[in-house]
Amino acid sequence: QEAVGAVTCGTYLYADGEANVRLTVASDFVVDTLAQALGTQKVSFAYLASSSTSVVIPPEAVQAQDTNFTAAGRWSKLFGQRQECPPLPGVAPPLHVFHGLVVLQGPNYALAQMMRQWRAVLLHMGGFVVSTPVAPSCRTESVVHNKTMAVILEGMGHWPPMEAFDPDTARMAMFAILVSELTEHQPPKLASPMHLFSRKAFHSGGWRCPFDLSSLGVSTWVLGRVAPAKHPGRHVNQVKLPHQRRWRQCLQQQQQNST
């Protein structure tokens, strides 16, 4: 209250397992208390929404799924299950929901993330400025300390247009989005409160990927182990496995020796 000018409460928290839910409940109490004590003109709020949740996505992303599926090779279509984001029935204009929840991350992660999104929606509807864009898949310590998730991140680039980002890249991009949203000073008028997360999202390409992310888990892990792809474009149809490279090198050496 003593601060000169407006203040922002940023809630950037993570813990493993059920501690994540406990941490989210505690932070939610702080956020609710601040909102009631300071009001809409004094305080704004900031979150980072996970790309592994269910959110409303624009029609252009659904169209891109169709385009990318047509362009995908047969190996991609063999391993990946087609992503379906049909419009919600009886809703106009149409709303498409991306189903990004991943079983590997567990129920505690899903509950904690959805609790934060719910609070963000309530704050937005209460007249507060809220920055809560979807953040990209990123090689942060909270992710890569899980060995399975670390390998999966290295395999994401095999499924265009998905990409996992290094922390410095994601940090600067999300900071730019944060500044752009907080300087709006008034809550934006949205087609629905759920558009709060998608209007300036940095979603790692998952919304435009034609395959259900849950169906790619095992194959992405395998690709991440044998042929890490830091950037999109080297997808499953272009993989050169280590034994193939060794065979080619041996063949080239044999040709050199014979000349």
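Just so you know, these numbers come straight off a predicted model, no measurement behind them.
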Contact check, side chains of Leu88 and His96, non-hydrogen atoms, under 4.5 Å
no
Least distance between heavy atoms, Arg171 atom then Asp168 atom:
NH1-OD1, 2.5 Å
Is there side-chain contact between Leu101 and Ser54, with heavy atoms separated by less than 4.5 Å?
yes
Heavy-atom check, side chain of Thr8 versus side chain of Val43, under 4.5 Å
no
Please report the shortest heavy-atom distance between Pro210 and Pro160, naming the atom on each side.
CD-O, 4.1 Å
How about Thr11 and Leu13: do any of their side-chain heavy atoms sit closer than 4.5 Å?
yes
Report yes or no: do Ser192 and His195 form a side-chain donor-acceptor pair below 3.5 Å?
yes
Starting from Val97, can I reach Val134 by hopping between I/L/V/M/F/W/Y residues whose side chains sit under 4.5 Å apart?
yes
Here the gap from Phe98 atom CZ to Arg208 atom CZ, rounded to the nearest 0.5 Å, amounts to 12.5 Å
In one Ile/Leu/Val/Met/Phe/Trp/Tyr side-chain cluster, 4.5 Å: Val7, Val30:
yes
Could you walk me through whether Gln65 and Cys85 pass the side-chain contact (heavy atoms from CB on, under 4.5 Å) check?
CA-CA 9 Å; Gln65 291 175 14; Cys85 299; 3.6 Å; yes
Tell me which one of Gln105, Gln117, Arg116 satisfies side chain to side chain donor-acceptor pair (under 3.5 Å) with Thr53.
Gln117
One pair to check against side-chain contact (heavy atoms from CB on, under 4.5 Å): Glu163 and Thr169. What are the steps and the verdict?
CA-CA 12 Å; Glu163 180 176 4; Thr169 303; over 6 Å; no
Evaluate the side-chain proximity of Cys138 to Asp166: yes if any heavy-atom separation is below 4.5 Å, no if none is.
no
For a quick test of reading the model, state the closest non-hydrogen atom pair linking Leu190 to Leu196 and the distance between them.
CD1-N, 3.6 Å
Tyr14 versus Ser142, closest heavy-atom pair with distance:
CD2-CB, 3.5 Å
So, taking the atom named OG in Ser27 and the one named OH in Tyr47, what distance separates them when rounded to the nearest 0.5 Å?
6.5 Å
Using the rule that Ile, Leu, Val, Met, Phe, Trp and Tyr join whenever any side-chain heavy atoms are under 4.5 Å apart, tell me whether Val102 and Val55 fall into a single cluster.
yes
Give me the ring orientation class for Phe211 and Trp159: parallel if the planes are under 30° apart, tilted from 30 to 60°, perpendicular past 60°.
perpendicular
Applying salt bridge (Lys or Arg N to Asp or Glu O under 4.0 Å) to Asp32 and not counting sequence neighbours gives Arg119
Verify, without hydrogens or angle tests, whether Asn146 (side chain) and Thr148 (backbone) share a donor-acceptor contact under 3.5 angstrom.
yes
Count I, L, V, M, F, W, Y as connected when their side-chain heavy atoms are under 4.5 Å apart, and connections chain through other members. Are Trp118 and Val25 then in the same cluster?
no
Atom pair OG (Ser44) and NE2 (His185), whose distance is rounded to the nearest 0.5 Å
10.0 Å
Are any of the side-chain heavy atoms of Leu213 and Met162 separated by less than 4.5 Å?
yes
Decide yes or no for Pro136 and Met174: does some side-chain heavy atom of the first lie under 4.5 Å from some side-chain heavy atom of the second?
yes
Verify the distance criterion only: is there a donor paired with an acceptor across the side chains of Ser50 and Tyr109 at less than 3.5 Å?
yes
Restricting to non-hydrogen atoms, name the atom on Arg139 and the atom on Val144 that form the minimum distance, rounded to 0.1 Å.
CA-CG1, 3.8 Å
Using the ring centroid of each side chain, check whether Phe165 and Phe202 are separated by less than 6.0 Å.
yes
So how far is it from Lys147 NZ to Trp221 CH2, rounded to the nearest 0.5 Å?
13.0 Å
Which is it for His158 and Thr220 under the side-chain contact (heavy atoms from CB on, under 4.5 Å) test, yes or no, and what are the steps along the way?
CA-CA 8 Å; His158 289 287; Thr220 304; over 6 Å; no
Over all heavy atoms of both residues, which pair between Ala46 and Leu178 is shortest? Give the atoms and the distance, please.
CB-CD1, 3.7 Å
Once rounded to the nearest 0.5 Å, what's the spacing between atom OG of Ser214 and atom CD of Gln83?
9.0 Å
Is the shortest side-chain heavy-atom distance between Val130 and Pro187 below 4.5 Å?
no
Go through Val21 and Met115 one step at a time and tell me if the side-chain contact (heavy atoms from CB on, under 4.5 Å) criterion holds.
CA-CA 9 Å; Val21 179; Met115 287 171 64; 4.2 Å; yes
Give a yes or no on this: more than 12 heavy atoms of other residues, nucleotides or ligands lie within 6.0 Å of atom CZ of Phe175.
no
Heavy-atom neighbours of Gln41 CD exceed 12 at 6.0 Å
no
Any side-chain to backbone donor/acceptor pair from Thr33 onto Phe29? Under 3.5 Å, distance only.
yes
Pair Glu181 + Arg199, salt bridge at N-O below 4.0 Å:
yes
Backbone N or O of Ser131 within a donor-acceptor pair of the His124 side chain at under 3.5 Å?
no
ILVMFWY network linking Phe79 to Met156, side-chain heavy atoms under 4.5 angstrom:
yes
Between CD1 on residue Ile152 and CG on residue Leu216, distance to nearest 0.5 Å:
10.0 Å
Please list all pairs passing the salt bridge (Lys or Arg N to Asp or Glu O under 4.0 Å) test where one or both residues lie in residues 62-71, with sequence neighbours left out.
Asp66-Arg82
Name all pairs fulfilling the salt bridge (Lys or Arg N to Asp or Glu O under 4.0 Å) condition that reach into residues 211-225, sequence neighbours left out, sorted by first residue then second.
none
